[in-house]
Number of protein chains: 2
Amino acid sequence: MSPRRVTLADVAKAAGVSRPTASLVLSGRGRELRISEDVAQRVLRAADELQYRPNIVSVGLRTGTSRTIGFVSDTVATSRLAGDMIKGALEAARDRGFMLFIGETEGDAELERLLLQAMHDRQVDGLILASMFTRTIKVPKSVKPMPTVLLNALPKQPAALPAVLPDEVEAGRVAARALLDAGHRDGIHLIGAGPRMRDVPPGSVAAVERLVGIREALGEADVKVAGGRICPDWQPEHGLAATRELLRTVRPRALICLNDRIAMGAYQALDDAGLKVPDDVSVVSFDDHPIASWIRPKLTTVALPHYELGRKAVDVLFTEIDGDPAASDRKGDVHRVPMPLRARESVAPPQDAARSGAGSS
Amino acid sequence: MSPRRVTLADVAKAAGVSRPTASLVLSGRGRELRISEDVAQRVLRAADELQYRPNIVSVGLRTGTSRTIGFVSDTVATSRLAGDMIKGALEAARDRGFMLFIGETEGDAELERLLLQAMHDRQVDGLILASMFTRTIKVPKSVKPMPTVLLNALPKQPAALPAVLPDEVEAGRVAARALLDAGHRDGIHLIGAGPRMRDVPPGSVAAVERLVGIREALGEADVKVAGGRICPDWQPEHGLAATRELLRTVRPRALICLNDRIAMGAYQALDDAGLKVPDDVSVVSFDDHPIASWIRPKLTTVALPHYELGRKAVDVLFTEIDGDPAASDRKGDVHRVPMPLRARESVAPPQDAARSGAGSS
DNA sequence: TCTCGTTGCTAAATCGGGTTAGCGGCGGAT
DNA sequence: ATCCGCCGCTAACCCGATTTAGCAACGAGA
């Protein structure tokens, strides 16, 4: 049906040389192997005229490579995270002429095994094991022979695999500083976790690390967390409930919500209580979910750098693939990607402080 | 480094037969070609014991296939759409032992060309050309020789390519009926497009089709649209502005928002005006964006069936790949995937109708 | 004139599997 | 005993590239 692909043999014939000669010229080893300039030019011209493109499958068979990397995640669809992470990985891979296989395991070990097998069967050159929320994962044995990078995940057993993660501790500091810089010193409450380090939803790495950063920055400024409410699940309804409960007893000056969905619930509770954001209560949050710029006032939040995480994972993977031996002692490296503050409209100086002019625009 | 892959030759040796014999047995053509039961069993056992898996790259070289399909979209990350669509495609492909290459063009024709080339180089067996919002697209010439399906898109020139799209017209009917069934007859306003057919954002297929369905269902019930506001862009702020403007002159009984982001803006405008959803004003919408079940009251909306769209596209693609000749006369088929109503909390009988008991729970 | 060394290219093997043609061996018919 | 034909398997080639080993042709030195 389709006009048959142009093969190396066609190019060789057109240039009047043998197939290996054409191969040598096109792979750039012509000079080194003393192919004459004249022949090289003929081959190059023929390849150009015939629009020759090497068949990657064939090269793959010979060399054992595929110019392809596998991106395996537990869930692709659940969160917006996935999209941008994949986009970043996609573009970084494309820059190097690589394609991406996508697969998802849905947390099912058997599915994961099958998927890794399928990727192995297709001779992927490397693997990215991604998690949609930061957590520790058990690294399947089957990845051993392949260059692999963990994305948004840490190995359960200290395996010699590099990991790429958002810098959640620094994000906690950034969120706290956003309030401090606005002049807040009192009445800062946490929604979603805290105030103590042990008040975190089980298994949530992000909660722990954000909390560490928050407490650290606040502590440096000699500011005490006024209180905190743990949410078992970081969904709007839990943020609503926790904030509502908080408001029964105290009137906070500022809220650090542990993510945007919680913040959305908090907004509702504050609105129900007749409290205005940011005039009565400032709110900062984490994630930069699309919702953050939709709700009024727009939410100031510390963004998960999904796109950069994806890119970084590919970058790290390529240092593995290119097999720089000097890199082998950095095998288990953890790469932290900065989480930038998206300063929007939900933070203002506290009302009394505003009077004394301590606020910033 | 890694223990070399088990090849067919290894299996043949272990079973004490030649390579072709092993190949015949494993490909199931053993019976047909009179391989003895004894030999067949030996081969099967050896393959099992050695955990033999055929190298797909090798098979690909010989047969020209790769058990892989390419999923090319204009943008992966921008909307949640992508994630579920990809998930559906992924699972449908996996059911058949196929993998997915993901690529995005960002609307750039040159990037698209490169991407299709890269997929072609890897001998993908078929192509899905997806758009993140329903629209007509120019089909690149380079896809001609390959089985191809358009997803969420229609060919600009009536090409002989099947397309998979959400059934937006029926969705319009469903949304309208949700209000009719609740007893609404008057004061139904449109936000985002309408009331006339020409009041639609340029280039939006969804707007046109939804409007057709809405007007049709309303017309059948002899109900007139009370009014409508076009939004140039379907974002919350435009929904807010349009609804606010509407409320300056009239007091609607029900709103049909052309999508959930607009509905979110409408919620805010209604809240600002002191109107309660659904008691004062019922709201229905389209898309079933995650936001729809986060806002209070939960939004009744007609869902974009992203997951099913992805699955369906792969299903249709496989009828192309399997090349059922009977299917060749259905080449240009447009497959419509139903959009289900997610009945939640934003629709109630109109207040006067409620008194007469015409409402449903 | 013969040998040795370059130079410039190609024959042949290889990757891992699929496919076709055909080769020995055995049994039945003549 | 001889021939035919079927059974059961294998030799050999193919896909499209890369890579190693080595072959001609030519010039220079002995």
Side-chain angles (χ1 to χ4, degrees), chain A residues 2-44 46-47 50-68 97 120-125, chain B residues 2-44 46-47 50-67 97 120-123 125:
Chain A
S2 69
R4 200 180 50 79
R5 256 189 98 91
V6 175
T7 73
L8 185 60
D10 298 328
V11 174
K13 181 139 57 103
V17 297
S18 73
R19 202 150 40 95
T21 304
S23 173
L24 291 175
V25 171
L26 292 173
S27 64
R29 311 206 316 145
R31 191 60 38 86
E32 158 193 357
L33 283 171
R34 308 172 313 225
I35 303 291
S36 67
E37 193 56 29
D38 170 47
V39 166
Q41 286 307 322
R42 287 209 320 268
V43 170
L44 256 15
L50 295 174
Q51 300 216 54
Y52 168 71
R53 314 207 79 230
N55 181 328
I56 295 193
V57 175
S58 170
V59 176
L61 179 57
R62 188 71 233 271
T63 64
T65 65
S66 57
R67 303 190 70 72
T68 297
H120 195 215
D121 290 348
R122 287 169 177 77
Q123 299 195 154
V124 296
D125 299 321
Chain B
S2 70
R4 200 180 50 79
R5 258 190 96 93
V6 175
T7 73
L8 185 59
D10 298 329
V11 173
K13 182 138 57 101
V17 298
S18 72
R19 202 151 40 93
T21 304
S23 172
L24 291 174
V25 170
L26 292 173
S27 62
R29 310 206 317 146
R31 190 61 38 86
E32 160 193 354
L33 283 171
R34 309 171 312 226
I35 303 290
S36 68
E37 192 57 28
D38 172 47
V39 167
Q41 285 306 323
R42 285 208 322 267
V43 170
L44 256 14
L50 296 174
Q51 302 217 55
Y52 168 70
R53 316 208 77 230
N55 181 328
I56 295 193
V57 175
S58 169
V59 177
L61 181 57
R62 185 73 232 271
T63 64
T65 65
S66 58
R67 303 189 71 72
H120 194 212
D121 290 347
R122 287 169 176 78
Q123 299 196 157
D125 298 322

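Here is the naming used below: chain letters follow the sequence lines, and residue numbers restart at 1 for every chain.
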Would you say A/N55 and B/Q123 make side-chain contact, with heavy atoms under 4.5 Å?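 SC-SC contact between A/N55 and B/Q123 confirmed.
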
Quick one: are B/S66 and B/D125 in side-chain contact, heavy atoms under 4.5 Å?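 Yes - at least one pair of side-chain heavy atoms lies under 4.5 Å apart.
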
Among [options], which nucleotide has an atom closest to any side-chain atom of [X]?
{"X": "B/N55", "options": "C/dG17, C/dT20, C/dT10", "result": "C/dG17"}
{"X": "B/P20", "options": "C/dA11, D/dT10, D/dA17", "result": "D/dT10"}
{"X": "B/R34", "options": "D/dA17, D/dC7, C/dT10", "result": "D/dC7"}
{"X": "A/I35", "options": "C/dC9, D/dG16, D/dT10", "result": "C/dC9"}
{"X": "A/V59", "options": "D/dT19, D/dA12, D/dA17", "result": "D/dA17"}

Distance in angstrom units between [X] [atom1] and [N] [atom2], rounded:
{"X": "B/R67", "N": "C/dG17", "atom1": "CZ", "atom2": "C1'", "result": "15 Å"}
{"X": "A/I56", "N": "C/dC15", "atom1": "CD1", "atom2": "P", "result": "22 Å"}
{"X": "A/L33", "N": "D/dG22", "atom1": "CG", "atom2": "P", "result": "16 Å"}
{"X": "B/L26", "N": "C/dT19", "atom1": "CG", "atom2": "P", "result": "13 Å"}
{"X": "A/D38", "N": "C/dT7", "atom1": "CG", "atom2": "C1'", "result": "15 Å"}
{"X": "B/R62", "N": "D/dA17", "atom1": "CZ", "atom2": "P", "result": "15 Å"}
{"X": "B/L61", "N": "D/dC15", "atom1": "CG", "atom2": "P", "result": "9 Å"}
{"X": "A/H120", "N": "C/dG16", "atom1": "NE2", "atom2": "P", "result": "12 Å"}

Closest-nucleotide mapping onto DNA chain C: is A/V39 or B/R29 further toward the 5' terminus? I mean the 5' end.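 Result: A/V39.
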
Base, sugar-phosphate, or nothing: which does A/V17 touch, judged by heavy atoms less than 4.0 Å apart? sugar-phosphate

Checking all strands, does A/T21 fall into the base, sugar-phosphate, or nothing category for heavy-atom contacts under 4.0 angstrom?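 The residue A/T21 makes base contact.
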
A/S58 or B/L24: which one's nearest nucleotide on DNA chain D is closer to the 5' end?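 Between the two, 5'-proximity favours B/L24.
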
5′-ward residue of the pair A/T7/B/R42 relative to DNA chain D: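 Checking each residue's closest nucleotide, the 5'-ward one belongs to B/R42.
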
Derivation of the side-chain contact (heavy atoms from CB on, under 4.5 Å) call for B/V17 and B/V25: CA-CA 11 Å; B/V17 298; B/V25 170; over 6 Å; no

Between the base of C/dG17 and the side chain of B/R19, is there a donor and acceptor pair under 3.5 angstrom?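 For B/R19, whose side chain was compared with the base of C/dG17, there is a donor-acceptor pair (under 3.5 Å).
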
Distance below 4.0 Å between B/S36 side-chain N/O and D/dC9 OP1 or OP2: yes

Is there a side-chain contact between B/Y52 and the phosphate of C/dG16, meaning an N or O under 4.0 Å from OP1 or OP2?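 No, outside the criterion.
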
Does A/R31 CZ have over 12 foreign heavy atoms under 6.0 Å away? no

CD/B/Q51: more than 12 non-hydrogen atoms of other groups inside 6.0 Å: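 At most 12 heavy atoms, drawn from other residues, nucleotides or ligands, come within 6.0 Å of this atom.
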
Between B/V57 and A/G60, the two heavy atoms sitting closest are CG1-C, 4.0 Å

